[in-house]
Asks: 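This structure is in structure tokens; I'll ask about it shortly.
Every heavy atom of this structure was used, including side-chain atoms; hydrogens, water molecules and symmetry mates were not.
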Amino acid sequence: MIFGLRPILEALNAGRTLDKIFLLRGTKNSMTQDITALAKAANVPVSMVPVEKLDNITKKNHQGAVAFVSPIDYMPLDSILAGLYEEGKTPLLLVLDRVTDVRNFGSIARNAECMGVHAIVVPSRGAAQINGDALKTSAGALNLIPVCREPNLKDTLTFLRESGVQIVACTEKSDASLEAETVDLSGPLAVLMGSEEDGISPEYLRLADHKLRIPMAGQISSLNVSVASGIMLYEVLRQRLRAEE
């Protein structure tokens, strides 16, 4: 963590990757304005919070400002996608809508790296904090697979579709089942996974080219999102390996 307005401003100016910034609610001066502007340019979420929130984060003298430093550098999605096409590779992306549990995120990253995902896409707000626990749970995968932090997932999904990437949403609300192979997953693809609480946001579901559900035979009707991501990505890899034969 970084404490104080000036150290946070210096970190932003130096190009350090910050995960999120908390500022004391009601504080308005040139320094907070500069922090907010630089954070917006870098897609770093800024929250104006009461002093109790800051005191709960740390017992140190925070002076009304706390920032979390990210252990990874976020990558620009457009550059990654362009690079994949230039190299003749078939893009495989994993888009996460409001997956906030740190260990789930780490497990998902491990699944993604093992199954050949080229990048994980997360929103600037409402995503798990990438910290030591996430890195540990990922078994080092977060040091290998790029993570893209996007300010607006709706715009991101639209951009992907316009770039020739098919959006496939994993949702139990679909009538189409994964094992039926009604969707060709061997082309440029973005797999969209939602939160465990309420799944994928309706506005994102509407942008999906296809919706698939994972078949289940037990009494419990839902899976942990990290497990579900592994099943979805395995089917993608299976179809791709078969297409290469």
Asks: State, yes or no, whether a side-chain contact exists between Y85 and V165 at a heavy-atom distance under 4.5 Å.
Replies: yes
Asks: Do any side-chain atoms of residues 8-19 form donor-acceptor pairs under 3.5 angstrom with protein atoms, and if so which ones, sequence neighbours left out?
Replies:
from: N13; atom 1: ND2; to: L9; atom 2: O; distance (Å): 3.3
from: T17; atom 1: OG1; to: D73; atom 2: OD1; distance (Å): 2.6
from: D19; atom 1: OD1; to: Y74; atom 2: OH; distance (Å): 2.9

Asks: List the residues meeting side-chain hydrogen bond (donor to acceptor under 3.5 Å, both in side chains) with S124, not counting sequence neighbours, and say none if there are none.
Replies: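 By the side-chain hydrogen bond (donor to acceptor under 3.5 Å, both in side chains) rule, S124 matches no residue at all.
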Asks: So, for A39 and I21, which heavy atoms are closest and what is the spacing to 0.1 Å?
Replies: CB-CD1, 4.0 Å
Asks: Which pair of heavy atoms, one from G26 and one from M48, lies closest together, and at what distance?
Replies: N-CE, 4.4 Å
Asks: Compare all side-chain heavy atoms of L135 with those of N143 and state whether any distance is below 4.5 angstrom.
Replies: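 Result yes, sub-4.5 Å side-chain heavy-atom pair found.
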Asks: Checking T27 now: which residues fulfil side chain to side chain contact (heavy atoms under 4.5 Å, CB included) with it, not counting sequence neighbours?
Replies: L24, N29, T32
Asks: Could you list all the salt bridge (Lys or Arg N to Asp or Glu O under 4.0 Å) pairs where at least one residue sits in residues 188-203, not counting sequence neighbours?
Replies: R98-D198
Asks: What is the minimum heavy-atom distance between I2 and P7, and which atoms define it?
Replies: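 Closest approach of I2 to P7, heavy atoms only: CG2-CB, 3.6 Å.
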Asks: Hey, mind stepping through V183 and Q166 against side-chain contact (heavy atoms from CB on, under 4.5 Å) and telling me if it holds?
Replies: CA-CA 10 Å; V183 180; Q166 181 178 230; 4.1 Å; yes
Asks: For a side-chain contact (heavy atoms from CB on, under 4.5 Å) check, start with the C-alpha distance between F105 and I120, then their side-chain angles and the critical distance, and finish with the verdict.
Replies: CA-CA 10 Å; F105 180 79; I120 299 172; 4.2 Å; yes
Asks: Does one hydrophobic cluster hold both F68 and F3, with members joined at side-chain heavy-atom distances below 4.5 Å?
Replies: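 Per the 4.5 Å side-chain linkage, F68 and F3 are co-clustered.
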Asks: CG of N224 to OG of S229: how many Å apart, nearest 0.5 Å?
Replies: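 Nearest 0.5 Å value for the CG-OG distance: 8.0 Å.
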Asks: If only atom types and distance count, is the side chain of R161 paired as donor or acceptor with the main-chain N or O of L207 below 3.5 Å?
Replies: yes
Asks: I'd like to check the side chain to side chain contact (heavy atoms under 4.5 Å, CB included) partners of L205; sequence neighbours left out, ordered by chain and number.
Replies: A169, T171, I200, K211
Asks: Would you say V168 ends up clustered with V236 if hydrophobic residues are merged whenever their side chains have heavy atoms under 4.5 Å apart, either directly or through other cluster members?
Replies: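 V236 clusters together with V168.
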Asks: I need the minimum non-hydrogen distance between N104 and D101, along with the two atoms involved.
Replies: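 In terms of heavy atoms, the two residues are closest at N-OD1, 2.8 Å.
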Asks: Taking only residues two or more places apart in sequence, or in another chain, which ones meet P123 in a side chain to side chain contact (heavy atoms under 4.5 Å, CB included)?
Replies: A127, L153
Asks: Working to the nearest 0.5 angstrom, can you tell me the gap between S79 OG and L77 CG?
Replies: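 It comes to 8.5 Å.
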Asks: Give a yes or no on whether L93 and L237 share a hydrophobic cluster (residues Ile, Leu, Val, Met, Phe, Trp, Tyr; joining criterion: side-chain heavy atoms under 4.5 Å apart).
Replies: no
Asks: With heavy-atom distances below 4.5 Å as the criterion, would you say the side chains of T100 and S195 are in contact?
Replies: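 No; the side chains remain at least 4.5 Å from each other.
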Asks: For A42, which residues count as a side chain to side chain contact (heavy atoms under 4.5 Å, CB included) partner, sequence neighbours excluded?
Replies: V44
Asks: To the nearest 0.5 Å, what is the distance between CZ on F159 and CG on L81?
Replies: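 Between atom CZ of F159 and atom CG of L81 there are 5.0 Å.
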Asks: Identify the two heavy atoms, one from G194 and one from V225, that lie closest to each other, and give their separation to 0.1 Å.
Replies: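 In terms of heavy atoms, the two residues are closest at O-CG2, 3.4 Å.
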Asks: Set out, in order, the CA-CA distance, both residues' side-chain angles and the distance that settles side-chain contact (heavy atoms from CB on, under 4.5 Å) for M1 and V69, then state yes or no.
Replies: CA-CA 6 Å; M1 285 185 284; V69 180; over 6 Å; no
Asks: With sequence neighbours left out, which residue pairs that include part of residues 174-194 fulfil the salt bridge (Lys or Arg N to Asp or Glu O under 4.0 Å) condition?
Replies: E181-R238, E181-R242
Asks: Is a donor on one side and an acceptor on the other found under 3.5 Å between the side chain of E113 and the backbone of I145?
Replies: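 Checked: no pair found.
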Asks: What distance separates S177 OG from R213 CZ, expressed to the nearest 0.5 Å?
Replies: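 Reported value, rounded in 0.5 Å steps: 4.0 Å.
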Asks: Which pairs count as side chain to side chain donor-acceptor pair (under 3.5 Å) when at least one residue sits in residues 35-59, sequence neighbours excluded?
Replies: D55-H62
Asks: Any side-chain heavy atom of L160 sitting closer than 4.5 Å to one from V121?
Replies: no
Asks: If you look only at pairs with a residue in residues 76-92, which of them pass as a salt bridge (Lys or Arg N to Asp or Glu O under 4.0 Å), with sequence neighbours excluded?
Replies: E87-K89
Asks: Taking salt bridge (Lys or Arg N to Asp or Glu O under 4.0 Å) as the test, write out the residues that go with K154, two or more places apart.
Replies: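 Residues passing salt bridge (Lys or Arg N to Asp or Glu O under 4.0 Å) with K154: none at all.
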Asks: Determine whether M232 and M193 satisfy the following criterion, side-chain contact (heavy atoms from CB on, under 4.5 Å), listing intermediate values before the conclusion.
Replies: CA-CA 9 Å; M232 285 291 296; M193 307 292 302; 4.2 Å; yes
Asks: Donor-acceptor pair, distance only, cut-off 3.5 Å: does the side chain of N111 make one with the backbone of S226?
Replies: yes
Asks: Check whether any side-chain heavy atom of P215 lies under 4.5 Å from a side-chain heavy atom of L178, and answer yes or no.
Replies: yes
Asks: Are any of the side-chain heavy atoms of C170 and I214 separated by less than 4.5 Å?
Replies: yes
Asks: If I take atom CG from residue L157 and atom CG from residue N152, how far apart are they, to the nearest 0.5 angstrom?
Replies: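 The CG atom of L157 sits 9.0 Å away from the CG atom of N152.
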Asks: With a 4.5 Å heavy-atom cut-off, do L54 and L23 have their side chains touching?
Replies: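 Not in contact.
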Asks: Does P202 reach the side chain of R206, with side-chain heavy atoms less than 4.5 Å apart?
Replies: yes
Asks: SG of C148 to CE of M75: how many Å apart, nearest 0.5 Å?
Replies: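 Reported to 0.5 Å precision, the distance equals 7.5 Å.
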Asks: When you measure from the side chain of R240 to the backbone N and O of T90, does any donor-acceptor pair fall under 3.5 Å?
Replies: yes
Asks: Quick check on the hydrophobic clustering: are L144 and L94 connected, directly or via other members, by side-chain heavy-atom contacts under 4.5 Å?
Replies: no
Asks: Under the rule for salt bridge (Lys or Arg N to Asp or Glu O under 4.0 Å), what residues qualify as partners of D133, not counting sequence neighbours?
Replies: R103
Asks: Which atoms form the tightest heavy-atom contact between Q129 and A134, and what is the distance?
Replies: O-CB, 4.2 Å
Asks: Look at the side chain of H118 and the backbone N and O of L92, then say whether any donor-acceptor pair between them is shorter than 3.5 Å.
Replies: yes
